[in-house]
Protein chains: 2
Amino acid sequence: MSTKNKILDAAENLFADKGFNGTSLREITSQAEVNLAAVNYHFGSKKELIKAVMSRYMNELSPRLESALIDVCRNDELSLVDVFSAFIEPLLSLNDFKDNGTSNFLQLLGRGYTDSQGFLRWFLTTQYPGVIDNFVLAVQKAYPELGAEEMFWRLHFTMGTVVFTMSSSDALIDIAKSDFERSLQISDVIRNVIPYVAAGVGAPMPQL
Amino acid sequence: MSTKNKILDAAENLFADKGFNGTSLREITSQAEVNLAAVNYHFGSKKELIKAVMSRYMNELSPRLESALIDVCRNDELSLVDVFSAFIEPLLSLNDFKDNGTSNFLQLLGRGYTDSQGFLRWFLTTQYPGVIDNFVLAVQKAYPELGAEEMFWRLHFTMGTVVFTMSSSDALIDIAKSDFERSLQISDVIRNVIPYVAAGVGAPMPQL
DNA sequence: CGTTATTTTAAACGCTTGTTTAAACTGACT
DNA sequence: AGTCAGTTTAAACAAGCGTTTAAAATAACG
């Protein structure tokens, strides 16, 4: 395992757990068992390291996500549940790519939206616009009556639901375990969240 | 205006904008135009200052919220939209209490859930349990068929939607402004989010 | 007025942060 | 063996952090 990858793996886990601001380079290099200066040697700066961690996932995910969304659009009786279900397989495939990949990535996404006054949001929307574009197209086909402004809000609400849920999914799964006395997986969360966001996006238009 | 309140006001605005971890005491005292040591003199520590900022809002909000939820439960044909609409007036009343009160408070709530590994979540759920209890009762009355487990998940999804949206509401409002070329308020966000979460919580039960 | 008590102040404390430096080491190619 | 690029290392850097100290200023009260 190369120094570069040791740093990326350690940084990913710590970033997901404690946020970007909350994780120091010394924690990362200590967990990766490499020298402190190695981060700046291989990545240049902490900010570039954050980008590298996110890019590793996005490069894996975005083509799968795009083609899954294009595929689902071929369905002529497309429902919103179909659209959101298209995310499941690409997201779960991140677990093959790396241990805890799915939940790490979703937590990182959540961190990126609230930490670091939005520079990661800029990074994602400008570097990977294809995912968002195809997603909007799919929602439009499944719910053509939805106006552009309502679409805008509801997609952001959906992003919030998913990102917040996943960034605290470990805690939620623990609470749910002790409350309902049965073991739960990340797939249980996904199974529950899809009807929720599908119904939210598909809500009737609000009267003005 | 007392030193204590000058600190609270400055801290509130900066915390809402840049998060708890992202705001230093020196920024706060400089904006409040008081001495750096005044924070530790009046509040003891930064953590206690955070609690004080949140308490100032919760003490104002929680009784209004509780009675609004109890009131709405008297409705015999209670809908989920009714339940969520019960939040509007108490939340907007924070604007009378303080400039930008509503949006500051909701942003702080969002920060508290993602910053500071959940100590604020513990603080709110243990110090103000009446709000949550009455909210659950109202949802149960509006949608009795909803099972306990689905209720658990959907209330957390809703919390995620609201908290995430509000913690980035300034950015969202800016984007929406430039996209739709009209000015937007926090009340526009609220008007859009209620049908969304009401439909999400009211979604049909997922088939197993 | 004089004497407490409360509040404000400037300065320093010890610590952590991201980054840089320059020397040491590594492995491959001539 | 000798050279040289690539990599790793220990040490230091300046800057920022939350907190503490002790003296100065202000307020309150007999």
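Below, chains carry the letters A, B, ... as their sequence lines are ordered, and counting in each starts from 1.
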| said: With salt bridge (Lys or Arg N to Asp or Glu O under 4.0 Å) as the rule and sequence neighbours excluded, what pairs involving residues 123-142 of chain B come up? | reply: Asp76(B)-Lys141(B)
| field | Counterpart residues, salt bridge (charged side-chain N to carboxylate O under 4.0 Å, His left out), relative to Asp82(A) (two or more places apart) | value | none
| message | Return the OH to CG distance between Tyr143(A) and Leu78(A), rounded to the nearest 0.5 Å. | response | 14.0 Å
With a cut-off of 3.5 Å and sequence neighbours excluded, list every side-chain donor-acceptor pair involving residues 83-101 of chain B.
unit_1   : atom_1 : unit_2    : atom_2 : d
Ser85(B) : OG     : Val81(B)  : O      : 2.6
Ser93(B) : OG     : Arg64(B)  : NH1    : 3.4
Ser93(B) : OG     : Pro90(B)  : O      : 2.6
Asn95(B) : OD1    : Gly101(B) : N      : 3.2
Asn95(B) : OD1    : Thr102(B) : N      : 3.2
Asn95(B) : OD1    : Thr102(B) : OG1    : 3.4
Asn95(B) : ND2    : Thr102(B) : OG1    : 3.2
Lys98(B) : NZ     : Glu12(B)  : OE2    : 3.4

| remark: In short, salt bridge (Lys or Arg N to Asp or Glu O under 4.0 Å) pairs touching residues 20-31 of chain B with sequence neighbours left out are Lys18(B)-Glu27(B)
| message | From CE of Met1(B) over to P of dT7(C), roughly how many Å is that when rounded to an integer? | response | 17 Å
| query | Asp179(B): what forms a salt bridge (charged side-chain N to carboxylate O under 4.0 Å, His left out) with it, not counting sequence neighbours? | reply | none
| remark: By ring-ring contact (aromatic ring centres under 6.0 Å, His included), Phe43(A) pairs with (sequence neighbours left out) none
| request: Starting from P on dT8(D), measure out to CG on Asn35(A) and report it in whole angstrom. | output: 9 Å
| Contact under 4.0 Å: Thr3(B) side-chain N or O vs dT8(C) OP1/OP2 | yes
| said: Does a side-chain N or O of His42(B) approach OP1 or OP2 of dT8(C) to a distance below 4.0 Å, or not? | reply: yes
| task | Stems involving DNA chain D: give each as a range paired with a range, ordered by first number, where a stem means at least three consecutive Watson-Crick or G-U wobble pairs under 3.5 Å. | result | C:3-6 with D:25-28, C:8-30 with D:1-23
| message | Taking salt bridge (charged side-chain N to carboxylate O under 4.0 Å, His left out) as the definition, give me every residue that meets it alongside Lys177(A), ordered by chain and number, with sequence neighbours left out. | response | none
| Set of residues satisfying side chain to side chain contact (heavy atoms under 4.5 Å, CB included) with respect to Val34(A), sequence neighbours excluded | Thr3(A), Lys6(A), Ile7(A), Thr29(A), Ala32(A), Ala38(A)
| Do any of residues 4-13 of chain B sit with a heavy atom less than 4.0 Å from DNA chain D, and if so which? | none
| task | For nucleotides 15-28 of chain C, just jot down a letter per nucleotide in 5' to 3' order: B, S or -, based on protein non-hydrogen atoms under 4.0 Å. | result | --BBBB--------
| With sequence neighbours excluded, what pairs up with Phe180(A) under the ring-ring contact (aromatic ring centres under 6.0 Å, His included) test? | Phe152(B)
